[in-house]
Amino acid sequence: MVYLSDKKESVLSRIPASTIPYAHTIFGASAFVFALIIGCYGHYYKIVTNGIATYPDEWFPSVSATTGDWYPERNICQILIALASGPRLVLCYLWYLLILRNVPTSGSDSLAKFLFTNDVIRSVACGGWVYVTSSDDHGIHDFAMIIYLLCTVPHVIGTIKSAPQNPRAQKLRRQFAYSFFGALVPMIYFFIQHNIHRVPGAYTYYALFEWSLIFSDLAFDAVSMIDFEAFEIRVIDVGMGGGSGNYDVGSSSFSELRTFGGGSKSKSIVSPVRLMDSFSFAADVYLGFVFWSMLTSLPLMIWYFPLWHMGLSGYEAFLFCNVTVGLLGFASLRHTIDSSRGWFHLASLIGIYSYKILDPAYRLMAVAAGVSLSLLTWGATLFSQRAQNGRAERGALTLALGLILHNVIKQAWWANNPIWPIMDEKTGGTNMLGLVLGVLASVQVIRRQEPHEYESKPNEIPGVARKQQQRENWIFSAVGAGGYLFCLHSMFTEAATISRWSLGGYPNTGPGPIAGGLMVIMAMAGGLALSSNRQLVTSWIWFGVGTVGLVILHRVEGDVGFFGGILFTIFVLSLFPTIFRSLGGRAFLVTVLVYNFLALAHVWVVAYAFVPGGEVMRERTDLVIFAMQACLALGVHNTHSTNWTFLIETRKRSAFSIARFYSKVSLVGLILCSVFTCLRRLPRESPRPYHPEHRLITAGIWTIHFAIDDEMRNSELRMRDAIRDLELDVIGLLESDLQRMIMGNRDLTQFLAEDLNMYADYGPGPTKHTWGCTMLSKFPIKQSTHHLLPSPKGELACAIHATLDVYGKDVDVIVSHNGQEEDLRDRQLQTTELGRIMRESNNPFLFLGYVVTKPGQGEEIYELLMDGGRMHDIEPKDWDRWCEYLAFRGLKRTGYARISHGGITDTEIQVGKYVVPEETRASSEHRRIPLGEFRKQETYQQINEEQVPVGLRYPAMFYGDGVRGHRFHVFDRPYYYA
């Protein structure tokens with residue numbers, strides 16, 4: 001009898017490692033190919049049908065429909081994917097071993113561990129979207145798919161970077177990588193066309209690109225068959241003693257593992273990354289977030305005062321609180337701040353604590369003090385670290401990551417920052433939590449020992465080249481940094497700003513805040529990751545690419561404009577460490593002065609009617625961004641002659657590399673947080689009107705004063721409650737464009753539309769130089785046009801003309817904000833244009849607007865609106881009106897009410913109720929009949945509330961003292977009509 005021990009160290013089996021990717025490719029490709037063939041054969045018409053269209057508009061099935069909805073293709077796909085999972089996991093491990101064999105003697109195995117972990121997560125995510133289909137749980141399926149795609153980015157980049165330098169294999173990998181990522185852009189475009197714009201046939205083209213991703217992905221991994229020709233898997237009998245013995249890897253039983261290069265692995269020359277370093281890095285990132293939070297809150301709080309003064313108030317001087325950073329020109333003070341920067345960070349938290357201060361003026365002063373201290377602290381930090389390559393990189397990266405964290409947190413809070421002083425517990429803020437975390441981060445800075453042990457002077461590192469530079473021009477450095485700080489503040493402190501810049505009317509709106517915000521955050525992360533390639537990001541070719549993206553963003557609406565903005569985003573974030581690392585002590589004052597100048601110009605382009613010399617900058621955003629880009633050009637030019645030196649190559653465990661490693665891990669975490677936020681914010685059902693049984697449409701108008709209430713608090717929650725309680729199906733919101741520095745780059749449309757489950761048209765975007773008008777609707781928006789009304793003298797007036805699908809009928813709605821009383825000629829031209837738009841429409845019509853006129857015949861502006869537009873005033877006898885007006889045509893008006901503002905703004909809410917008759921249809925009759933006969937079509941006969949069906953009544957809660965300060969006022973009750 002032969003015992004196992006007799007065969008000790010004998011090779012039982014030899015398996016070429018190349019068979020692993022081969023098996024993975026065969027099983028994986030078969031799963032999808034067989035599912036597609038069987039699905040098309042058995043359920044073709046079912047799997048090409050979606051929620052928008054069916055055959056012949058849709059003629060090719062998506063991956064999800066093919067593999068997840070029907071028997072037997074679903075089951076066959078899942079069985080074959082299960083068979084592919086074994087080779088997939090072995091493939092992950094073999095690649096880990098391959099990387100280890102190629103690590104230099106002084107290198108690190110961090111990349112190998114990171115890629116192995118990433119690839120395992122990616123494999124599990126693949127199982128998630130294969131085994132949990134869209135018909136099982138759409139949210140989990142999409143979540144797993146997003147995780148899979150996110151993990152594919154480091155998988156592809158890491159594989160190409162770590163692969164043996166086999167020219168044939170690398171060429172094939174790059175080709176398949178280009179085809180994979182190249183298909184993402186059109187795939188996302190067609191998905192937006194399908195899911196948001198509801199275009200029939202778009203999902204077929206989305207499906208084609210989706211299938212191309214599958215096969216490009218499989219082909220990319222299949223290339224490892226070439227690399228694994230140097231590997232062999234052996235099954236060896238180690239005897240009855242198991243693995244406890246010592247075996248000679250050089251014996252005949254163990255053939256040395258060979259690859260295309262690499263050597264024996266030895267201990268790293270520096271200590272491994274410590275846990276406390278991770279906490280230290282996280283503390284710096286959070287303090288960067290605190291800096292951006294205070295910086296962005298300052299102009300928002302300043303804006304409160306001229307808003308209520310309707311002109312300059314004197315509080316604008318607090319914008320210049322940042323000039324104290326000029327004190328950094330004194331070396332002794334700079335050294336004191338740097339050596340005690342934890343204490344200064346702690347003191348700057350007065351800006352976060354200020355939310356407790358009730359008086360708006362004192363609250364503003366506290367925020368200004370916080371901004372000033374934070375600027376001093378960060379300025380001293382960046383200056384002191386500029387000669388130390390690793391620490392300088394770390395300081396700039398943590399500030400940049402704080403900016404991206406600021407965007408992610410604002411995305412989770414619907415474009416509000418929960419630690420802003422305009423927030424508190426009642427308005428959705430988490431100020432105390434933010435303050436506590438700020439204190440902990442500051443204490444960590446106070447107690448830490450700076451990581452000098454990771455940093456060596458460049459000339460002390462053997463074999464490392466040092467790039468020699470000429471002396472810098474400090475003026476160029478300061479101007480560049482000032483323009484760059486303005487660019488970051490004005491365009492990249494809110495993820496939805498880029499999508500609002502590129503906004504058009506329906507259906508050419510471009511990506512919405514959820515999808516668009518996610519893409520912007522990913523672009524910011526990509527730009528920051530790219531920043532380590534200094535030769536590229538400081539080149540004039542790259543500057544030209546960024547400039548082209550900015551021009552496209554500014555000039556083109558919709559998807560094309562948005563993707564120009566994405567290109568500009570990547571460009572801007574790639575400059576972050578380079579621009580700020582070149583600042584000298586005396587440059588800081590010039591930096592903030594340039595920033596202040598551009599910030600004022602940014603306000604002047606829209607507030608020209610209320611500021612001295614405003615006509616010079618009227619509607620000239622193009623000049624502002626030209627000046628901004630010119631400043632950036634000087635900054636980029638200065639990087640070619642800066643006096644700080646950087647290492648062309650750095651050791652694997654230097655402070656520079658550690659900072660980069662932490663930043664990449666942080667970027668992945670921030671992107672995942674953004675993905676989770678977007679999934680949480682996705683609508684779960686289509687909007688539905690409140691009373692479809694009566695075919696009722698309740699419509700209102702409200703001037704909301706930029707969502708800042710009387711007490712300088714965010715008013716969005718209270719607005720939400722009022723709109724919900726009034727059961728408004730359509731509402732026009734005026735003074736609603738908050739995507740500016742002075743409004744905090746907020747976006748009230750996001751929160752209100754999602755929380756109230758309504759469709760939204762943001763109106764003319766921030767580059768159109770208006771104060772904004774927004775429409776929210778429970779009814780689908782079929783199309784809309786954004787109008788800039790004639791305004792030769794005063795502020796630029798805006799309007800939205802939209803066509804809604806109301807119970808199967810087309811109903812047109814205008815939401816408009818006309819000019820002020822002082823500019824009669826403007827109001828005449830604006831109202832004439834509104835009248836033309838309404839008169840030329842054949843659909844039933846609702847007007848919700850801000851007109852500035854007394855009511856009644858004989859009033860020129862009133863007649864231009866009502867008679868010129870062939871519209872009926874909702875109640876001609878209501879003489880106590882001046883700004884807001886409601887009018888209608890082709891609908892049956894049943895009610896009218898005026899509700900007090902409740903301290904949210906200085907303007908009431910006007911609400912009308914209308915029934916859409918079954919027989920309603922498009923007609924030009926209103927243009928053909930005489931004006932007098934048209935006026936007589938409405939009788940205005942009022943009836944008692946008891947005669948009105950309950951579903952057509954206004955909520956009783958608004959009688960008497962009302963609720964939360966909102967009540968029926970003027971006539972203290974609603975009017976009802978026969």
Side-chain angles (χ1 to χ4, degrees), residues 49-54 57-58 62 64-65 69 133-143 188 190-203 206 414 496 499 503 505-518 677-700 720 723-733 747-762 774-784 800 802-813 815 843 846 914-916 951:
T49 299
N50 54 62
I52 307 300
T54 185
D57 293 316
E58 307 286 6
S62 68
S64 299
D69 289 344
T133 66
S134 57
S135 56
D136 295 333
D137 190 314
H138 208 290
I140 298 297
H141 175 84
D142 288 348
F143 172 74
I188 293 172
F190 284 113
F191 181 77
I192 292 171
Q193 294 299 309
H194 163 77
N195 197 47
I196 297 178
H197 304 313
R198 304 175 72 84
V199 176
Y203 203 63
Y206 163 81
W414 294 274
S499 63
L503 186 70
Y506 274 78
N508 187 34
T509 59
I514 297 178
L518 175 60
T677 298
C678 292
L679 289 174
R680 178 175 61 87
R681 288 179 52 182
L682 287 174
R684 297 294 180 257
E685 59 181 2
S686 298
R688 290 179 291 183
Y690 286 99
H691 293 285
E693 71 278 9
H694 295 292
R695 299 177 62 83
L696 179 68
I697 175 172
T698 303
R720 182 271 318 269
I723 295 170
R724 179 197 61 213
D725 292 343
L726 285 167
E727 298 182 344
L728 285 162
D729 298 308
V730 178
I731 183 168
L733 301 173
D747 191 342
L748 63 89
T749 307
Q750 293 184 40
F751 172 72
L752 293 178
E754 292 176 31
D755 197 272
L756 294 167
N757 195 24
M758 302 178 80
Y759 300 101
D761 189 321
Y762 186 86
T774 291
M775 185 187 69
L776 304 176
S777 170
K778 288 285 189 180
F779 303 101
I781 303 172
K782 298 182 69 173
Q783 63 179 31
S784 67
I800 301 169
T803 300
L804 308 182
D805 181 357
V806 182
Y807 306 117
K809 306 291 184 180
D810 285 352
V811 175
D812 282 8
V813 178
V815 176
N843 293 328
L846 288 176
Y914 312 87
V915 171
V916 182

Is any side-chain heavy atom of Ile781 closer than 4.5 Å to a side-chain heavy atom of Leu804? yes
With sequence neighbours left out, write down each residue that passes side-chain hydrogen bond (donor to acceptor under 3.5 Å, both in side chains) with Thr774, or none if nothing qualifies. Ser736
Nearest 0.5 Å, please: how far is CG in Leu733 from CG in Leu752? 6.5 Å
Under a 4.5 Å cut-off applied to non-hydrogen side-chain atoms, are Val730 and Met775 in contact? yes
Between Asp761 and Ser784: side-chain donor-acceptor atoms closer than 3.5 Å: yes
Please enumerate all residues that pass ring-ring contact (aromatic ring centres under 6.0 Å, His included) together with Tyr759, with sequence neighbours excluded. none
Whether over 12 other heavy atoms sit under 6.0 Å from Arg680 CZ: yes
State, with a plain yes or no, whether a side-chain heavy atom of Ile514 is found less than 4.5 Å away from one of Leu682. yes
Taking only Lys NZ, Arg NE, NH1 and NH2, and the carboxylate oxygens of Asp or Glu, determine whether Asp755 and Arg720 approach each other closer than 4.0 Å. yes
Spacing of CD belonging to Gln750 relative to OH belonging to Tyr762, to within rounding of 0.5 Å: 9.0 Å
Just say parallel, tilted or perpendicular for the rings of Tyr203 and Tyr206, cut-offs at 30° and 60°. parallel
Asp729 side, atom CG; Thr698 side, atom OG1 - distance, nearest 0.5 Å: 5.0 Å
Just how far is it from atom CD1 of Ile731 to atom NZ of Lys778, taken to the nearest 0.5 Å? 12.0 Å
Gap separating the CG atom of Leu728 from the CG atom of Leu776, nearest 0.5 angstrom: 9.5 Å
Of all residues at least two apart in sequence or in a different chain, which pass the ring-ring contact (aromatic ring centres under 6.0 Å, His included) check with Tyr914? Phe888
Measuring only between side-chain heavy atoms, which start at C-beta, is Ile800 closer than 4.5 Å to Val813? no
